[in-house]
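In what follows, a single structure is set out as structure tokens and then discussed.
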Number of protein chains: 2
Amino acid sequence: MTIRAAPNTFNLMVELHFTPDSARLDAVFHALGDPTRRNMLRDLASGQRTVGELAAPFDMSLAAASKHIRSLEKAGLVRRTIRGRTHVCRLEPRALADAHQWISFYERFWNSRFDVLEDLLRRADTPDPQGDEQ
Amino acid sequence: MTIRAAPNTFNLMVELHFTPDSARLDAVFHALGDPTRRNMLRDLASGQRTVGELAAPFDMSLAAASKHIRSLEKAGLVRRTIRGRTHVCRLEPRALADAHQWISFYERFWNSRFDVLEDLLRRADTPDPQGDEQ
DNA sequence: CGGATTGTCAACCGATCGGTTGAGGATTTT
DNA sequence: AAAATCCTCAACCGATCGGTTGACAATCCG
């Protein structure tokens, strides 16, 4: 009889090439991939908003907007506090910072003074078989 | 008889609250919202890769990986040049820069020394009706 | 030529997405 | 108590997503 680690969520995620980090980024980028939700975030940058206020600018049912907000919440981009019958939403910048940082890894590829050189280097590491392109 | 602007794609997009800019961000964030595609970008940061090389690390068919690459391409995150029978992919940093810049708008919400003050100010612009929270 | 190699395409599948409607819970207002 | 307000929930719908398989186009190699 061998001692085996009990299967758990974390092992599963590792096995499937997921990390908690990756799962969060999935949710954040997915949330950002919709213009309605991006507009809601813009709105929240000016201050807290109720669900109704967030929904107002959009030509859709309140239920639909509510789902968008829920998705923002799931991604950690928005926090909600219930005050009586109204739900007040605030921007939660941490998740945005995470996404920002992830993208920052690639910053050197667009804002370095050595753009051209770097590009050449990146191309060079697969030797060019002197063929025509296209 | 009135002179009316001929309907065109741009007008349609404006009317529907889309801008070309927004559509691009949709594609970019959507592409980034999948761990397979993010891993592919990481790979491309080390140099150009063929479709086969990009697909190799993943436990999925080549056709599936090919679709991911296509989605990265559609988002402008990757450029492809066909060289004989192999397709060589390179990172295209501009789209990433756009996404990065979009998120940067919110930078003040996470890295300012006035985090707490700003938060108070954002909360303050909707007057607090002295009620209990939750 | 014939056979690998590289990659796309089209059809299909189940799951998720983004929207709707209707019902109703909870709270506030009258 | 009754009505209005704020919002969620559940069921449903068509479209898109992420994967599969099989066929095949194109190129390289023997």
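These numbers come from a predicted model, not from an experiment. Chain letters run A, B, ... following the sequence lines, proteins first, then strands; residues in each count from 1.
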Checklist entry - Are B:Glu73 and B:Arg79 ion-paired here, with the side-chain N under 4.0 Å from a carboxylate O? => result no
Checklist outcome for this item: Of B:Val88 and B:Lys67, the one whose closest nucleotide on DNA chain C sits nearer the 5' end is B:Val88
Checklist entry - Which part of the nucleic acid, if any, lies within reach of B:Ala63 when heavy atoms closer than 4.0 Å are counted: base, sugar-phosphate only, or nothing? => result base
Next on the checklist: Using a heavy-atom cut-off of 4.0 Å across all strands, would you classify B:Ser71 as base, sugar-phosphate, or nothing?
Outcome noted: nothing
Checklist entry - How long is the span from the CZ atom in B:Arg42 to the CZ atom in A:Phe105, to the nearest 0.5 Å? => result 4.5 Å
Checklist outcome for this item: Rounded to whole Å, CZ of A:Arg49 lies from C1' of D:dC6 at a distance of 17 Å
Checklist entry - Are the side chain of A:Gln101 and the backbone N or O of A:Asp98 linked by a donor-acceptor pair below 3.5 Å? => result no
Next on the checklist: Using OP1 and OP2 only, check whether a side-chain N or O of B:Ser66 sits under 4.0 Å from C:dT8.
Outcome noted: yes
Checklist entry - Contact class for B:Ser61 vs. all strands (heavy atom < 4.0 Å): base, sugar-phosphate, or nothing? => result base
Checklist entry - Rounded to whole angstrom units, what separation is found between the CD1 atom of B:Ile69 and the C1' atom of D:dC17? => result 17 Å
Checklist entry - Does C:dT8 have OP1 or OP2 sitting under 4.0 Å from an N or O in the side chain of B:His87? => result yes
Item to check | Backbone of B:Ala55 reached by a side-chain donor or acceptor of B:Arg49 within 3.5 Å | outcome: no
Next on the checklist: Just the rounded figure in Å: distance from C1' of D:dA26 to CZ of B:Arg80.
Outcome noted: 15 Å
Item to check | Atom pair distance, as rounded to whole Å: CZ in A:Arg70 and P in C:dT16 | outcome: 14 Å
Item to check | Short side-chain N/O contact from A:Arg37 to OP1 or OP2 of C:dG18, under 4.0 Å | outcome: yes
Item to check | Atom pair distance, as rounded to whole Å: CG in A:Leu62 and P in D:dC9 | outcome: 12 Å
